[in-house]
Amino acid sequence: QVQLVESGGGLVQAGGSLRLSCAASGRTFSSYGMGWFRQAPGKEREFVAAIRWSGIGTWYADYVKGRFTISRDNTKNTVYLQMNSLKPEDTAVYYCAATDAGTRYSMSNLYNYWGQGTQVTVSS
């Protein structure tokens, strides 16, 4: 069992930065691939970024590539999402999730555990 708690969301102006954190409980955190997803009002949840259990291997959606960076610290059971050059269209609830699938990290249905989400609002 893995429990996930996100933090770091908030209100920021366009062009600004935020760093999201996702703290995991459970001794098996390091065996899970981790992903970030987001959901804007009236839209479906979409993939943002993912990282392999080892930290070697990252994937990004095209709309965040070059602006967002995912990382993890297995000694702290935490995964991060550094978000730079934020745009109003990045406004959403951001969720972290854990998967033991080992592949296809952009597929939300392959994730076993989800956090409660943290709101990110980017003003223009």
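Source: prediction; values computed, not measured.
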Checklist entry - Is the shortest side-chain N to carboxylate O distance from Asp90 to Lys87 below 4.0 Å? => result no
Checklist entry - How about Met83 and Leu20: do any of their side-chain heavy atoms sit closer than 4.5 Å? => result yes
Checklist entry - Any donor-acceptor pair under 3.5 Å linking the side chain of Asp100 with the backbone of Asn112? => result no
Item to check | Counterpart residues, ring pair (Phe, Tyr, Trp, His ring centres under 6.0 Å), relative to Tyr113 (two or more places apart) | outcome: Tyr32
Next on the checklist: If you compare all heavy atoms of Phe37 against all heavy atoms of Ser108, which two are closest, and at what distance to 0.1 Å?
Outcome noted: CE2-CB, 3.6 Å
Checklist entry - Rounded to the nearest 0.5 Å, how far does OG1 of Thr58 lie from OH of Tyr105? => result 11.0 Å
Item to check | Side-chain donor or acceptor of Glu6 paired with backbone N/O of Gly117 under 3.5 Å | outcome: yes
Next on the checklist: Working note: Trp59 + Ile70, criterion side chain to side chain contact (heavy atoms under 4.5 Å, CB included); need CA distance, chi angles, decisive distance, verdict.
Outcome noted: CA-CA 9 Å; Trp59 294 263; Ile70 189 171; over 6 Å; no
Next on the checklist: Go through it in stages, so that I can follow the logic: the residues are Trp36 and Val79, the test is side chain to side chain contact (heavy atoms under 4.5 Å, CB included), and I'd like the CA-CA distance, side-chain angles, deciding distance and then a yes or no.
Outcome noted: CA-CA 9 Å; Trp36 286 96; Val79 62; 4.0 Å; yes
Item to check | Closest non-hydrogen atom pair, Ala98 against Met34 | outcome: CB-SD, 3.5 Å
Checklist entry - Considering all heavy atoms of both residues, which atom of Gly115 and which atom of Tyr95 are nearest to each other, and what is their separation? => result O-CD2, 3.6 Å
Next on the checklist: Listing request: all side chain to side chain donor-acceptor pair (under 3.5 Å) pairs with a residue in residues 11-20, at least two apart in sequence or in separate chains.
Outcome noted: Ser17-Asn84
Checklist entry - Does the side chain of Glu89 reach to within under 4.5 Å of the side chain of Val122, using non-hydrogen atoms? => result no
Checklist outcome for this item: Heavy-atom nearest pair, Gly33 first then Tyr111, reads O-CE2, 4.5 Å
Checklist entry - Of the non-hydrogen atoms in Tyr94 and Leu81, which two are nearest, and what is the gap between them? => result CD2-CD2, 4.2 Å
Item to check | Atom CD of Gln3 with >12 non-hydrogen neighbours under 6.0 angstrom | outcome: no
Would you tabulate the side-chain donor-acceptor contacts of residues 41-52 under 3.5 Å, counting partners in other chains and residues two or more places apart, or write 'none'?
from  : atom 1 : to    : atom 2 : distance (Å)
Glu46 : OE2    : Arg38 : NE     : 2.6
Glu46 : OE2    : Arg38 : NH2    : 3.1
Arg52 : NE     : Ile56 : O      : 3.2

Checklist outcome for this item: Under a side-chain separation threshold of 4.5 Å, the hydrophobic residues clustered together with Leu11 are none
Item to check | Met107 CE to Thr99 OG1 distance, which is reported to the nearest 0.5 Å | outcome: 11.0 Å
Next on the checklist: Tell me every residue that passes ring pair (Phe, Tyr, Trp, His ring centres under 6.0 Å) with Trp53, counting only those two or more places apart in sequence or in another chain.
Outcome noted: none
Item to check | Any donor-acceptor N/O pair, Ser124 side chain to Pro88 backbone, under 3.5 Å | outcome: no
Next on the checklist: Under the rule for ring pair (Phe, Tyr, Trp, His ring centres under 6.0 Å), what residues qualify as partners of Tyr60, not counting sequence neighbours?
Outcome noted: none
Checklist entry - Rounded to the nearest 0.5 Å, what separation is found between the CZ atom of Arg72 and the SG atom of Cys22? => result 10.0 Å
Next on the checklist: For Phe68 and Leu86: C-alpha separation, side-chain torsions, deciding distance, then whether side chain to side chain contact (heavy atoms under 4.5 Å, CB included) applies.
Outcome noted: CA-CA 9 Å; Phe68 291 12; Leu86 283 161; 3.8 Å; yes
Next on the checklist: Is it the case that the side chain of Ser30 and the backbone of Asn74 share a donor-acceptor pair, with hydrogens and angles ignored and the cut-off at 3.5 Å?
Outcome noted: no
Checklist entry - How close do Thr78 and Lys76 get, heavy atom to heavy atom, and via which atoms? => result OG1-O, 2.8 Å
